Amino acid sequence: MSRLKTKFMNTVMKNPVVVASGTYGYGEEYVGYYDPALLGGVCSKGITRYPKPGNDGIRLWETPSGLLNSIGLENPGIEVFIEKHLKKMNSLNTAVIVNIGGNTIDEYLESVELLNGCNIDFIELNISCPNVKVGGMAFGIKAESAAEVVSKVRKISKHKIMVKLSPNAENIVEMAKACEDSGADGLSLVNTFQGMAIDIDKKKTVFDNLYAGLSGPAIKPIALRMVHQVYKNVNIPIMGLGGISTWQDALEFIMAGATAIQIGTTNFINPMAPIEIIQGLEKYCEENNVESIGEFVGVV
Amino acid sequence: MSRLKTKFMNTVMKNPVVVASGTYGYGEEYVGYYDPALLGGVCSKGITRYPKPGNDGIRLWETPSGLLNSIGLENPGIEVFIEKHLKKMNSLNTAVIVNIGGNTIDEYLESVELLNGCNIDFIELNISCPNVKVGGMAFGIKAESAAEVVSKVRKISKHKIMVKLSPNAENIVEMAKACEDSGADGLSLVNTFQGMAIDIDKKKTVFDNLYAGLSGPAIKPIALRMVHQVYKNVNIPIMGLGGISTWQDALEFIMAGATAIQIGTTNFINPMAPIEIIQGLEKYCEENNVESIGEFVGVV
Amino acid sequence: MAIVVENECVQDNMYSLSVEYSGSCKMGQFFMLRCWDFDPLLSRPISIYDFRDGIVKFLYQVMGKGTEKLSKLKAQDVITLQGPYGNGFPYLDEEDITLVGGGMGIAPLHYAAKELYRINPNRHIEIYLGVREENPIIKQFKDEFPNVKVNIGGIITEDIEYKKDHVILTCGPEIMMKIISEEGKNQGITVYTSVEKRMACGVGACLGCTCKTTKGNKRACKDGPVFLGEEILYE
Amino acid sequence: MAIVVENECVQDNMYSLSVEYSGSCKMGQFFMLRCWDFDPLLSRPISIYDFRDGIVKFLYQVMGKGTEKLSKLKAQDVITLQGPYGNGFPYLDEEDITLVGGGMGIAPLHYAAKELYRINPNRHIEIYLGVREENPIIKQFKDEFPNVKVNIGGIITEDIEYKKDHVILTCGPEIMMKIISEEGKNQGITVYTSVEKRMACGVGACLGCTCKTTKGNKRACKDGPVFLGEEILYE
Ligand SMILES: Cc1cc2nc3c(=O)[nH]c(=O)nc-3n(C[C@H](O)[C@H](O)[C@H](O)COP(=O)(O)OP(=O)(O)OC[C@H]3O[C@@H](n4cnc5c(N)ncnc54)[C@H](O)[C@@H]3O)c2cc1C
Ligand SMILES: Cc1cc2nc3c(=O)[nH]c(=O)nc-3n(C[C@H](O)[C@H](O)[C@H](O)COP(=O)(O)OP(=O)(O)OC[C@H]3O[C@@H](n4cnc5c(N)ncnc54)[C@H](O)[C@@H]3O)c2cc1C
Ligand SMILES: Cc1cc2nc3c(=O)[nH]c(=O)nc-3n(C[C@H](O)[C@H](O)[C@H](O)COP(=O)(O)O)c2cc1C
Ligand SMILES: Cc1cc2nc3c(=O)[nH]c(=O)nc-3n(C[C@H](O)[C@H](O)[C@H](O)COP(=O)(O)O)c2cc1C
Ligand code: FES
Ligand code: FES
């Protein structure tokens, strides 16, 4: 499988296939299907400084080829995570990526500080969280807002930081550049698109929280375009995601400029998908006599 | 059918169901299926000042529940349109909406000037066209750019102007407000999302033009959210569109704040869809004892 | 990938689906089913109605797109079964049991009754079934088990005789399970309820099916679907 | 909504589909077919292979998702036919005709040959068919029509005898149609070609199927699919 070996920032992964935050629990939920050691890496569910119970009401809603979710970052908080879940994640024998969210810069900083003492591969900094200080507009919408949190986190973090961009950013390229300039070591994109559903019988929004996050195959063409645009404008490595469900999809993202890719919603549809994608990429490299999958990164 | 009667700007339409620009030719292509007089209105294919041959290479590509298109505004130019197509559109006995695009402000202004002498219901101003003066970034991305073209067009147009917003706008609410402040009489949203597809065998983008426009059911949740956001922030009427394929979808847009709705890609999938949607809305009003569909506008 | 053995319409829009399955499973567990690509996107959770001789049986009602597509399956067609998932009902060895099912909630109770008798043929089991109209499944229950009480179109909770030495297992509408849980608590009777939530993953990974309990949030798919009735915080 | 009469595998991944259809249609026209909801999104254009007694017949090859789903249809299933669309081949009354088909391009030529003989049974028609391997459809052509010349696995254009007093109708790979159009032009023979483009609407509304011609852009679905060979600007 050495053709798939991928270096991302300073982490060497067995392959470029990572499972996305919020779709894979804390790494153990799919062990009935396959050994997570086969994966390039595992992103934890989004963790915040303090425990969060998540959102009330309906949390899932299907749309054509898409899924709206309003989980609301339900998680036990960084301390319980480190205590209870991280050790298990570390025993999975794959790259461990911890996804960190927060509503204030201090929350991000405290979480990152606590992780400094831990054995992880790197941090995925989720800046799609509503910034309570700026009227609830997510850190990931305006480049300046993102730059502030990224540069502060960068200063104190012992670990490499991959910033996870929101496709709702006003300008995805400026956002990416601002993160790079603020010290991001890598980028992942995209998080979910803000979407909505209405229950016409009740004449109400489906979600208590009004809007929710759209993921799944529906968003793939837009996510792919964003990865391509960002790749052309930054010099740090990119993890691409958004609707990937086959190895062909994965290869499209790699050709668009992603060094590695993540599988999110597809885990729900086909639990074996990450493994099938790894096998498909491996076979493609073999058939094309390519020594390293890295040769395809950004060829388009 | 009077329950569906809808006033949009100063046009009274039989119902709030309009067929979207670029998906219905010049109004006559679907006559084999039904009489267009049954529709609330018909938007013309996008017209530019001068004829455009459209884009080379592949123009259509399917994605999960979506369609990428790169037609490139193929059209005969405003003069030939007025001469050859407009008279026929006017004989359709439905509201006639002319969709105008352009790469410079002067092109827009000249087209609108030429339409001043014509009998149409109103203009749909498509600001998703690349602005050649600003490095090809569409007029519809930055609010200032849109404001400029809208205010100039508004000054010279005899007809009401409905500005068609791009979902690629940096900030859809600011964009909508800027258009309102610049004199837009109404808004329609959304146009297509910028997306991409890669041919992994050829290691090339599918479209000669690199990116293309995503439409269809895939985009519905995002389009609906945008209509809702805009409705909460402007006082001019909205035509909502993006992935509507059933009367239930149409009603969601109406409840989110759209006074009328448009059917685009769905025409290709089910040519009878606009009629089925009209019938579905009519029946819903009847069953709910509602005198006017207008009562549902923005109830969410 | 599994093979459909039979998929028959039991009545109106209620179907009974039999599928080849070589693994094992427990009463009260469910499978996520799919026989489509991406439309709808997610698999559909359906409880185990019966299991024997390498064939698992489901009883389901056509509600929307997913179950509609399931209903079109024919013998020999291919279906995807993900599971079995969930904790299932507790395998109580000694206790006498009262089972209460409402609507499609009667489905998991069929396999539960069977299993409970299997592990202890001498126990006493009372079965209450509340359905909107008479149907062949009710007859099946009556043929297979003693002490089946049926309420057609009424309110099943009004019929239940709460017996102090029984454990109650229940599945059905939330309001039904709520009433039984409260009454059980009042009378000091242990009640287990099987909750129904929208699910995406079925394995505890997405937190889409969270259920509020006195012990904090629980995942219906993984920590449940069976919980102690008194622990559930009904909405 | 139309009813499938028969859908049989002719060979490997080539299928013959018969559907009830009460309207009328012309040779060289096509229908847009679908038997799915949104996956794939668009309908699939397939030429008329035959039409008689209220049954329209298609011959198609499984290429991807759409034709794969078509291939699963069984008798009595429901299918949606949109059409007939397109201009079709010209109904020439007198002329002798040479038909040249390559690959699946042989499909519309079957109905064309039949119609051309119907309106003038005394004319002379030469039929050239280029296919990768022998198949039952070739036999069908030979059984039904005289003067059928077949090229298996080779280059059909090399076999054609260009006859001055013939009109050529052709359908197949672009390179084949291009060569025939050029040769026809050189020799002063009229050539009609049926082009193949990706299509969304089929009715001329989307401009997705534009074809460059000496007379400007034309819509393959509405102005075509049949054009004078010399008018097409091949890529
Ligand atoms: C653990 C579990 C076991 C189940 N066992 C059975 C069973 O044995 N037999 C049976 O008939 N049904 C069972 N269900 C319910 C079944 O999963 C849903 O009816 C089915 O998913 C509906 O899918 P659909 O595509 O047909 O309808 P949809 O179009 O998805 O929905 C139709 C209606 O059902 C509601 N709905 C959809 N999914 C759920 C859900 N998961 N929970 C609650 N409401 C929902 C929707 O809001 C909508 O009103 C079970 C559900 C769970 C969670
Ligand atoms: C007017 C017309 C008549 C046709 N008649 C027949 C016929 O009688 N029998 C038959 O077998 N086929 C016919 N075709 C071709 C047929 O429409 C395509 O093979 C089919 O749409 C493929 O769909 P799919 O979902 O199976 O494959 P997809 O997954 O959509 O595509 C598979 C491959 O085919 C290519 N492709 C898809 N659609 C088209 C298209 N419209 N034109 C060219 N390439 C395409 C794709 O690029 C891809 O490489 C006709 C096409 C046209 C335009
Ligand atoms: C149920 C669910 C929960 C998610 N939770 C998180 C999260 O906690 N943190 C985060 O950064 N992204 C989260 N995401 C976003 C995914 O990681 C991913 O960015 C998004 O779903 C797009 O990829 P996909 O289309 O492959 O799913 C979640 C997505 C889903 C569907
Ligand atoms: C093939 C095609 C051509 C289009 N051409 C135009 C156009 O000329 N002008 C315009 O404003 N919008 C054009 N659009 C955008 C549609 O009018 C509509 O805004 C978009 O498709 C979203 O709606 P839908 O999802 O219902 O299709 C086109 C869309 C398609 C699919
Ligand atoms: S369905 Fe995903 S956690 Fe329960
Ligand atoms: S397919 Fe739409 S114009 Fe031809």
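Note that the structure is a prediction, hence the values are computed from the model and not measured. The analysis underlying the following values was restricted to heavy atoms, covering all of them including side chains, and did not include hydrogens, waters or symmetry mates. Protein chains get the first letters and strands the later ones, always in sequence-line order, with residue 1 at the start of each.
When heavy atoms are compared at a cutoff of 4.5 Å, S245(A) approaches chain C solely by way of its side chain, counted from C-beta outward. Neither the backbone nor the side chain of Y26(A) comes within less than 4.5 Å of any heavy atom of chain C. Within the 4.5 angstrom heavy-atom criterion, atoms from both the backbone and the side chain of P53(A) approach chain C. Residue M32(C) does not touch chain A at all, counting heavy-atom pairs closer than 4.5 Å. Heavy-atom distances place the side chain of R34(C), and not its backbone, under 4.5 Å from chain A.
A side-chain donor-acceptor contact under 3.5 Å links E74(A) and T210(C).
Interface check for chain A: of the options C209(C), S43(C), C201(C), G216(C), the most heavy-atom pairs under 4.5 Å are formed by C201(C). For the set P64(A), G66(A), G216(A), G54(A), the entry with the most heavy-atom pairs within less than 4.5 Å of chain C is G66(A). In terms of heavy-atom pairs under 4.5 angstrom with chain A, the leader among A205(C), G208(C), G202(C) is A205(C).
A salt bridge does not link K65(C) with E62(A): every distance from a Lys NZ or Arg NE/NH1/NH2 to an Asp or Glu carboxylate oxygen is 4.0 Å or more. Taking 4.0 Å as the cut-off between side-chain N and carboxylate O, K212(C) and D56(A) count as a salt-bridged pair.
Using bins of under 30°, 30° to 60° and over 60° for the plane-to-plane angle, the ring pair Y15(C)/Y60(C) lands in the parallel bin.
Ring centroids of F89(C) and Y192(C) are separated by 6.0 Å or more, keeping the two rings apart.
Counting only distance, with no hydrogens or angles, the side chain of N99(A) and the backbone of C43(A) share no donor-acceptor pair below 3.5 Å.
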